[in-house]
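Indexing begins at 1, ligand by ligand and atom by atom, following the structure's order. Just so you know, residue 1 is the first one in the sequence shown, and it goes up from there.
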Amino acid sequence: MRAVIFSMPDMVPHFFDRRFRVPGQAGPLLAANAPQHEIWSADLILQRKRLRRAIEDVVRTYRPQVVGLSAKSFEYYSACKTAEIVRGLDPSIRLGLGGYHATVNYDLVADSPEGALFDFIFRGEGEATFASTLDRLERQEDLTGIPGLSFRRGDAWLHNPSGEKLDLSRLAPPQRDRRIWKDFGFIGQGLDVFETTRGCTLPCNFCSITQMYGRTFREFSIDYILASIEDAKRQGATFMFLADDNVVLNPLRFMEVLRAIIDHGHNDLLYLVQGSANGIAKHPELAPLMAQAGFKFVFLGIESMSDKNLAQMDADKKAGRDQRFTERAIELLQKAGILIVGGLILGLPNDDVPDIEQNFRRYREKKLAVADQIITPYGKTGQRQELLEGGYVTNASDFRRYNGFWANVQTDHLSPWELEYWRWYYYRKCYSIRGPNDDWKQMSRLNYYFVQYVLTPWRWLRFKLQDPQEAFERYQRRHAKLNDLWGDAYPPLHTPYARGGKIANGPAPGATVTEDIVPLRARA
Ligand code: B12
Ligand code: SF4
């Protein structure tokens, strides 16, 4: 059969779509693991300016019998829009939704009016489920019993039992030549993605990973990993993003992977990986080996520099139950010349302005770049349940805003609008107007000097002269527009809680939030 897998065009606003264009992995993997069918992969992230035309071109050129849509929660709206367009072009095409949103919220999708847009919902890892579905469709057989598949019969949805976790030794590496568009990149490099493991056994209660893989951890063979890197190189990659959630869960094995990369001469690429402090801190030989293998960036899952916050996220195990592991990991990585992007989660129930300020200040003092996001109540996570029960969730159902940039929660002290505001304010204060960390010089000296001596003074001047509240509102409107990919109005911005026109700690009496679903928590 002929199939096309679309991955979605959505982007967290502050990732900058022109600078950071990451390919989806599902399409090339599904293609490789169903070689009896002709499967193409279409990454809409490369077509943000001409979405409708791009979808029409693909459907006309590749004439798929089945279209798969790969979406995380914040991309679900785009998946529905894409499905609508495909249906309008050719109602005979069978449509299926896969990925995180489908896996976690398949019941919500099936029971919603948009459920009628889809014929299938693929839950969990897709390789085996998709191949079996295409096989049966080709033979015009019944779909009952295919593990992980939900399908529509008339108006009713039938949910087959979930599948076992796949035996990774039986999977073929991604077939990247099945990508229809290929202009992926990051800071001038050809970017690609690969996996060495799947899953994570840690218990962080804000994370969706256990919904996909349970609390399991599986490793791909070294041969698979090398084949995947070689294939990416052939496709022009110079920068590899390792998609594992927590590659240092088994540090000894990770070191084996690093040695294989070095031995096979693949340390001519740059690599970016995400990992927790614990594994890096406990194995001092790891950071230098990573540097030798070409690892230039580590996205370090610090989440917060506040002990109070870490305890609320059940993320203390990740930090090694002790902030000293974080300090040690930072020290080891920086000594090895690896640039650190520290993950920071804001907006926990008792967060107040000083917590936000303290976090940004501490990250800056440690010379970390920061990847900050506001806690998002992703479907069926423990954190969502706790936040809902506490009355902290202000948007429980419009998933378009579930990307960490917008606040979908309030805290005991801050409204959603204030959370967004103070995050914007302290990022500016601690980062934008202070220029890049020295160690970013090693990426590109020219870029570093331009940012440091041209952009930063300009940003500083603007920050000092402008009215912060107006500047923030302009910034939010600009980013809402960036997210408005389909030409229909993106959900309205939060109503500011402002007393006498000024930002205040806490809601003005009688103020309402436009997308309130859960009643506002009563405040002192
Ligand atoms: C690498 C990664 C990134 C990369 C690139 C992601 C990309 N290419 O789009 C970066 C750093 C950019 C990133 C950023 C973000 N990410 Co991210 N990311 C990941 C990570 C670690 C790996 C993704 C991956 O490649 N996995 C491997 C592939 C093979 O798995 P997969 O895509 O899920 O596909 C499999 C199945 O889902 C299924 N499947 C998927 N689609 C389809 C379609 C069909 C038709 C079928 C049959 C099957 C199928 O089959 C596939 C093969 O088994 C995942 C966690 C994880 N381990 O998956 C988080 C994850 C996907 N990210 C997440 C989030 C929230 C984000 C951010 C919003 C965070 C933020 N605020 O900054 C941003 C948004 C990115 C953006 N587009 O703007 C969440 C999503 C939660 C949710 N419920 O929606 C996850 C699950 C992390 C988490 N711990 O909760 N991310
Ligand atoms: S360590 Fe990372 S992947 Fe593992 S549960 Fe925590 S946040 Fe999720």
Side-chain angles (χ1 to χ4, degrees), residues 3-17 20-30 33-34 39 43 45 66-76 79 95-105 120-131 133-134 148-149 166 171 174 184 186 191 193-195 197-213 215 217 241-246 248-249 272-276 278-279 299 301 303 313-315 317-319 341 343 345 371-374 376 378-381 399 402-406:
V4 171
I5 309 297
F6 283 101
S7 67
M8 296 301 116
D10 304 75
M11 200 70 202
V12 174
H14 54 319
F15 272 24
F16 305 116
D17 56 341
F20 195 32
R21 302 179 305 280
V22 194
Q25 285 209 84
L29 272 168
L30 298 178
N33 288 283
I39 302 175
D43 289 271
I45 193 87
V66 175
V67 162
L69 304 151
S70 179
K72 303 187 257 303
S73 293
F74 75 101
E75 301 167 327
Y76 174 56
L95 277 153
L97 180 73
Y100 271 86
H101 192 72
T103 301
V104 173
N105 288 317
F120 316 114
I121 301 173
F122 301 101
R123 303 172 344 248
E125 290 171 288
E127 289 89 343
T129 312
F130 196 58
T133 307
L134 293 192
L149 179 70
L166 296 178
L171 288 190
F184 301 103
F186 177 48
L191 178 66
V193 192
F194 74 119
E195 300 169 279
T197 63
R198 276 190 186 170
C200 180
T201 51
L202 297 188
C204 317
N205 68 356
F206 54 87
C207 175
S208 292
I209 195 71
T210 44
Q211 318 295 323
M212 177 64 76
Y213 301 124
R215 275 176 73 178
F217 183 68
F241 193 137
L242 218 158
D244 305 30
D245 281 288
N246 189 358
V248 290
L249 217 49
L272 183 155
V273 69
Q274 45 188 9
S276 57
N278 197 359
F299 183 98
E303 318 310 8
M313 289 186 271
D314 280 345
K317 285 197 184 61
K318 184 173 172 183
V341 182
I345 297 183
D372 51 314
Q373 52 180 306
I374 297 172
T376 305
Y378 287 113
K380 305 208 174 117
T381 56
F399 298 116
Y402 272 35
N403 61 13
F405 180 81
W406 307 105

Can you sort out which atoms of ligand 1 are near [X], meaning under 4.0 Å from one of its heavy atoms?
{"X": "Ser70", "answer": "40 (C), 41 (N), 42 (C), 43 (C)"}
{"X": "Leu29", "answer": "29 (C)"}
{"X": "Gln274", "answer": "21 (C)"}
{"X": "Ile209", "answer": "55 (C), 56 (C), 57 (N)"}
{"X": "Ser73", "answer": "82 (C), 83 (N), 84 (O)"}
{"X": "Gly124", "answer": "36 (C), 38 (C)"}
{"X": "Pro23", "answer": "8 (N)"}
{"X": "Phe130", "answer": "47 (C)"}

Drop me the distance from [X]'s [atom1] to [Y]'s [atom2], to the nearest 0.5 angstrom.
{"X": "Phe184", "Y": "Phe241", "atom1": "CZ", "atom2": "CZ", "answer": "14.0 Å"}
{"X": "Phe186", "Y": "Leu272", "atom1": "CZ", "atom2": "CG", "answer": "6.5 Å"}
{"X": "Asp245", "Y": "Tyr213", "atom1": "CG", "atom2": "OH", "answer": "7.0 Å"}
{"X": "Leu249", "Y": "Asp244", "atom1": "CG", "atom2": "CG", "answer": "10.0 Å"}
{"X": "Ile5", "Y": "Asp43", "atom1": "CD1", "atom2": "CG", "answer": "11.0 Å"}
{"X": "Leu171", "Y": "Asn33", "atom1": "CG", "atom2": "CG", "answer": "5.0 Å"}

In terms of atom number and element, which parts of ligand 2 are under 4.0 angstrom from non-hydrogen atoms of [X]?
{"X": "Asn246", "value": "1 (S)"}
{"X": "Leu202", "value": "1 (S), 5 (S)"}
{"X": "Asp245", "value": "3 (S)"}
{"X": "Cys200", "value": "1 (S), 3 (S), 4 (Fe), 5 (S)"}

Please state which option from [options] has its nearest heavy atom closest to [atom].
{"atom": "atom 71 (N) of ligand 1", "options": "Val12, Val273, Asn403, Asp244", "answer": "Asn403"}
{"atom": "atom 42 (C) of ligand 1", "options": "Cys204, Gly98, Gly148", "answer": "Gly98"}
{"atom": "atom 82 (C) of ligand 1", "options": "Phe206, Phe74, Trp406, Tyr378", "answer": "Tyr378"}
{"atom": "atom 12 (C) of ligand 1", "options": "Phe20, Phe122, Phe405", "answer": "Phe20"}

Heavy-atom gap [X] to ligand 1 smaller than 4.0 Å:
{"X": "Phe241", "result": "yes"}
{"X": "His101", "result": "no"}
{"X": "Leu30", "result": "yes"}
{"X": "Asp10", "result": "yes"}
{"X": "Leu69", "result": "yes"}
{"X": "Gln211", "result": "no"}
{"X": "Ala71", "result": "no"}

Tell me if a side-chain donor or acceptor on [X] pairs with a main-chain N or O of [Y] at a distance below 3.5 Å.
{"X": "Thr210", "Y": "Ser208", "answer": "no"}
{"X": "Asn246", "Y": "Ser276", "answer": "yes"}
{"X": "Glu75", "Y": "Lys72", "answer": "yes"}
{"X": "Tyr100", "Y": "Gln211", "answer": "no"}

List the atom of [X], the atom of [Y], and the distance in Å for their closest heavy-atom pair.
{"X": "Phe194", "Y": "Gln25", "result": "CA-OE1, 3.8 Å"}
{"X": "Asp10", "Y": "Ile45", "result": "O-CD1, 3.7 Å"}
{"X": "Thr381", "Y": "Asn205", "result": "CB-O, 3.4 Å"}
{"X": "Val104", "Y": "Gly379", "result": "CG1-O, 3.1 Å"}
{"X": "Met11", "Y": "Asn403", "result": "O-ND2, 4.5 Å"}
{"X": "Met8", "Y": "Ser70", "result": "CG-O, 3.4 Å"}

**Asked** Any N/O/S atom, backbone or side chain, of Cys207 lying under 2.8 Å from atom 4 (Fe) of ligand 2?
**Response** no

Ligand 1 N/O within reach of [X] N/O, cut-off under 3.5 Å:
{"X": "Gly126", "answer": "yes"}
{"X": "Tyr100", "answer": "yes"}
{"X": "Gln373", "answer": "yes"}
{"X": "Glu75", "answer": "no"}
{"X": "Cys207", "answer": "no"}
{"X": "Asp245", "answer": "yes"}
{"X": "Glu195", "answer": "no"}

Below 30° counts as parallel, above 60° as perpendicular, anything between as tilted: where do the rings of Phe120 and Phe122 land? tilted

query = Would you say Leu191 and Arg21 make side-chain contact, with heavy atoms under 4.5 Å?
reply = no

Quick look: Lys72 vs ligand 1, heavy-atom contacts under 4.0 Å, and the answer is both

